[in-house]
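Read the structure below first, then the notes.
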Amino acid sequence: MGHIPSKLALRWFVGLAVFAAIGYASIKYYRQSKVEPPTTTIQEKAEKASVIPTEVQLDATQETVQDPDSSWIEATTKALADPNVSARVQAILSLRKHPSSEAINLLLKFLDDNDGVVVSEAIDTLGYIGLNSDLGDLVYEMLEKRARDKAFALRGHALITAAMIGKDRLLPVVSDFMFEQTDSGKGFAVRSLSLIGSPACVPHLGILLDQSEDSEIRRNCFNILANINTPEALDLLQEYVVSSNDRDQAASALALSRLNMPELNEMLANKIQNQELEKDAIQALASSPAAPDIFGDLLQREEVENEQKASCLKTLAKYSSSHGPSERRTSLKEAVEPLLYSPDSTVEKEAIRAIAGIGGVGTDEALIPKLESKDPEVRKETAFSLIGYVTPKNYKALLDVLWDDDQETRRIALMCVEQFVDGSDRETLEKARDHEDELISKHAGMLLDQVLRK
């Protein structure tokens with residue numbers, strides 16, 4: 001009898017040990033297999049490129065965060081040989097939770113992967129660790145070495161990621177890319193300069209503009225110069241505003257206008273007035289954030305000829321973008337409004353077209369009074385321009401136009417109001433049913449029948 005409790009105790013002990021082992025294995029498997037997606041990815045900040053690698057030795061003196069649970073090292077090491085690309089990528093992403101020299105060592109091994117997607121994710125994760133830990137210098141050195149390695153297929157991707165970490169330190173490497181014969185190398189260089197974005201980039205951007213004919217690279221250079229916004233950067237932009245190259249002129253003018261600075265806006269207005277800008281540049285400025293100031297100033301100048309004002313208004317009507325921010329369109333509309341009452345009929349009509357093209361709050365209120373103009377051409381232009389701006393609240397202003405002397409004007413007015421008339425317009429419709437214009441008479445009768453049936 002005395003031996004039975006001992007046997008039971010032994011069985012209980014063995015059972016508890018097995019249960020604990022199973023539980024530990026389950027937790028370990030769960031930790032290895034469940035990889036949460038990162039909250040921030042380097043791909044969101046840099047464009048992808050393609051790759052191949054070299055081995056880099058870590059500095060043994062580098063301070064790192066020690067992780068008491070090292071099971072992730074074993075799991076990630078095992079994933080290096082996994083034939084499943086998705087599994088290798090997931091293993092790489094999991095390293096973002098373990099910023100350390102060990103994680104960097106593993107990522108360097110992934111840089112030797114044969115699949116470009118895997119290598120790209122490894123570069124991004126190196127960047128993530130570099131930007132979100134005290135390992136930035138170490139990561140930067142790794143990425144800079146890969147960017148210099150011309151045998152590394154994704155060296156451009158490494159350059160862009162290194163730019164986010166190293167900033168000005170990377171400029172010598174950027175210079176190497178700038179002097180490569182292909183636009184691809186120059187493209188990586190300009191994207192890196194956009195991420196560095198310091199005044200030290202200005203000379204490099206000037207060199208790129210001298211060397212590359214690629215329109216996208218040049219446009220990016222102008223935008224970076226505007227973002228840097230130093231006297232040297234602005235001087236370079238203003239130099240290209242008067243370029244003989246239409247594309248450069250338009251791109252640099254647009255970059256300057258995005259700063260929306262009073263002195264620059266005045267300078268651009270002066271260049272339009274002095275006819276130093278080609279039509280492409282003027283069209284670009286018409287859709288810019290500074291358009292209300294540039295054109296508002298220019299159109300109010302007494303010394304500007306009516307012909308030039310009419311030309312600017314025509315440009316605004318076509319290129320000011322009715323899909324732009326409402327506040328900007330409203331400001332531009334208000335800048336044009338005074339010209340609705342210009343003594344020059346050409347300017348007056350172009351102002352009507354421009355306001356209709358610009359849109360913005362209060363467009364109908366600005367245009368409706370022009371229906372009473374003594375000039376039949378102005379009334380016709382106004383009726384045309386109000387198409388799309390007539391609502392149940394303002395349509396009655398066009399009912400009197402049904403008796404305009406001009407056939408086209410009154411028929412446009414009918415088209416504008418027919419969807420809004422109701423019982424309150426019965427008297428007008430009865431009168432219009434006897435209109436001498438057969439089309440209006442017929443449609444008024446039909447509209448009256450519809451109203452009476454309601």
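Everything numeric in this text was worked out from a predicted model, so none of it was measured.
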Test side chain to side chain contact (heavy atoms under 4.5 Å, CB included) applied to L111 and L126, step by step: CA-CA 10 Å; L111 290 181; L126 279 168; 4.1 Å; yes
Verdict with reasoning, L264 to S257, per side chain to side chain contact (heavy atoms under 4.5 Å, CB included): CA-CA 7 Å; L264 294 177; S257 70; over 6 Å; no
Residue pair R328, N260: steps toward the side-chain hydrogen bond (donor to acceptor under 3.5 Å, both in side chains) verdict: CA-CA 12 Å; R328 185 175 77 203; N260 206 1; over 6 Å; no
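Residues E305 and D344 are not in side-chain contact: their nearest non-hydrogen atoms beyond the backbone lie 4.5 Å or more apart. Using a 4.5 Å heavy-atom threshold, the side chains of L371 and L386 count as touching. Considering only heavy atoms from C-beta on, C201 comes within 4.5 Å of I228 through its side chain. Using a 4.5 Å heavy-atom cutoff, the side chains of E213 and D183 are not in contact.
Within a 6.0 Å sphere centred on NZ of K396, heavy atoms belonging to other residues, nucleotides or ligands number more than 12.
The distance from atom CD of E276 to atom OG of S243, rounded to the nearest 0.5 Å, is 13.0 Å. The CG atom of L313 sits 5.5 Å away from the CG atom of L339 when rounded to the nearest 0.5 Å.
Judged by distance alone, with hydrogens and angles left aside, the side-chain atoms of S133 form no donor-acceptor pair with the main-chain N or O of G130 at under 3.5 Å. For T330 (side chain) and V361 (main-chain N/O), a donor-acceptor pair under 3.5 Å exists by modelled atom type. In this structure, D297 contributes its side chain and D293 its backbone to no donor-acceptor pair below 3.5 Å. In this structure, the side chain of Q249 engages the main chain of E278 through a donor-acceptor pair within 3.5 Å. Judged purely by atom type and a 3.5 angstrom limit, N132 uses its side chain to pair as donor or acceptor with the backbone of Y128. A distance-only check finds no donor-acceptor pair linking the side chain of K309 to the backbone of V347 [under 3.5 Å]. Here the side chain of R218 pairs a donor or acceptor atom with the backbone of L209 at under 3.5 angstrom. For the pair N394 (side chain) and Y389 (backbone), a donor-acceptor distance under 3.5 Å is present. Although no hydrogens or angles enter the test, the distance criterion places a donor-acceptor pair under 3.5 Å between the side chain of T382 and the main chain of V378. Using a distance-only test at 3.5 Å, with no hydrogens or angles considered, a donor-acceptor pair links the side chain of S385 to the main chain of E381.
Ion pairing of K333 with E337 is present here, as a side-chain N (NZ or NE/NH1/NH2) and a carboxylate O approach within less than 4.0 Å. E144 and R169 are not joined by a salt bridge, as no carboxylate oxygen comes within less than 4.0 angstrom of a charged side-chain nitrogen. Between R353 and E350, at least one side-chain N (NZ, or NE/NH1/NH2) sits under 4.0 Å from a carboxylate O, which counts as a salt bridge. Salt bridge absent: R247 and D280 never bring a charged side-chain N and a carboxylate O closer than 4.0 Å. In this structure, D214 does not pair ionically with K186, as no charged nitrogen and carboxylate oxygen lie closer than 4.0 Å.
Using bins of under 30°, 30° to 60° and over 60° for the plane-to-plane angle, the ring pair W72/H98 lands in the parallel bin.
With F110 as the aromatic partner, R88 does not meet the cation-pi criteria of under 6.0 angstrom to the ring centre and within 45 degrees of the ring axis. Both tests do not hold together for R155 against F188: distance to the six-membered ring centre under 6.0 Å, angle to the ring axis within 45°. Under a cutoff of 6.0 Å and an axis angle of 45°, K393 and F420 do not form a cation-pi pair.
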